[in-house]
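A short write-up of the structure that comes next.
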Amino acid sequence: MIDLGYVTCPNCGQKLKKNGFLQSNFHAVFSDHQLRIQKHRCNNPECNWQSTPTTTTVFGTDIHPDLAKLQCEQGALFSYRDAQSNLEKINCTRCSVNNHTRIQSLTNQVGATLSQATLREPSAQECAAPARDLIVQVDGGHIPVKEKGKRSFEALSAIAYQPNKIKQVDKNHRQITHKTCVVAALNDELDTIKRFVLNAAHKQGMTEQTRVTNLADGANNCWSVLLSLKSHCLDLECILDWFHIGQKFQNVKNVLGESFESSLDSVKWNVWHGEVQAALTKLKLLQGNISDDAKQFKIQGLHNYLQNNLDYLLNYDERKNSGKAYSSQTAESHIDSLINARHKRKQKMQWTREGAHNVLQIRAKMESQEWNGQWQDAVLEALIGAA
Ligand SMILES: [Zn+2]
């Protein structure tokens, strides 16, 4: 089956004759093979051309694309060393093709290819039917860094989905059945993530007639990404994510202790009902009644957080009653799992921005359920340089 079909010499055009076989390695998913490939030699004594076929020169690669896919999945979900040991367990043997540096290099290349693909405007076929409403959430996470003098850098991730795609799984859990998830960790003044988010929104059916609701944790770069959608849709509403507000309050409660719990609950009640000025006044009063510096500092932090996000606070009670989105609670664990599971589990692991960015592309495709449709092109491009 692996006869290259040579009839004439590519060098001089004379007839070729068979010249024995060459043994060459080929790595399938669960086993390694030695393939016998036919060699040829030129009949013309002045030419003497010989073929030296190997699996790499014949196929462009000596590993089966299915094995490359498995390596990428392992590399995206686990540390490269754990990925190596998982693959060794699956194969019941140690094999150089599953070495962690090979997994790292392939994962990187495939991630870089996926990143390029995500930058391209999606085709009409890739986009859902026009959506009346769309929710886009942006959130950030910190990844430990390799560069000296710095501790971490930020990756931003976003999810786009239509509100009717949220399904109740059981009493306490909801799930988004169809979504596009993107993530970027490059230091490029948000260029990449902005294009990723725009393309993700289009994939989920955003048109110039779509009303977009944005949820974010209040960081300026998150708003900046979301506001860049404004000229591409009918209407853009930015809302400070209630889930994050709840977290901030809990965080302050933990420092202040039980005796301030009811005061803080009362402030939170004001925020929930859209009475932000009342909330800010109460916080100032509370701060004045406390002598402890650390506690004062915490309250000031909460005050500034609300103050900085005044434009994005509204009556959450009203929104809840009218069945509109106000919290990322459903998707929060998902953003966490995307950035944190792979990049924070092992504190020893340190990342370059590009390395992290590339791995995260594979994770984002897996979360968006796009990996199964897209891995083949990316893997073939990484292995043989062409899809
Ligand atoms: Zn020849």
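Worth knowing before you read on, the calculation uses all heavy atoms, side chains too, and leaves out hydrogens, waters and symmetry mates. One-based numbering, in listed order, for ligands and for the atoms of each. Owing to the predicted nature of the structure, the values given are computational and were not obtained by experimental measurement.
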- Might you point out which heavy atoms bring A83 and F78 nearest each other, and give the distance in Å? N-CB, 4.2 Å
- If you look only at pairs with a residue in residues 247-275, which of them pass as a ring pair (Phe, Tyr, Trp, His ring centres under 6.0 Å), with sequence neighbours excluded? W242-W272, W269-H273, W272-Y326
- Query: Ion pair present between E237 and R319, side-chain N to carboxylate O less than 4.0 angstrom?
  - Reply: yes
- Query: Is it true that the side chains of T107 and Q104 contain a donor and an acceptor less than 3.5 Å apart?
  - Reply: no
- So V212 and M206, side-chain contact (heavy atoms from CB on, under 4.5 Å) or not? Walk me through it. CA-CA 8 Å; V212 179; M206 184 180 76; 3.9 Å; yes
- Task: Starting from the Zn ion (ligand 1), count all protein N, O or S atoms within a radius below 2.8 Å.
- Result: 4
- N-O pairing of D62 and R102 below 4.0 Å: yes
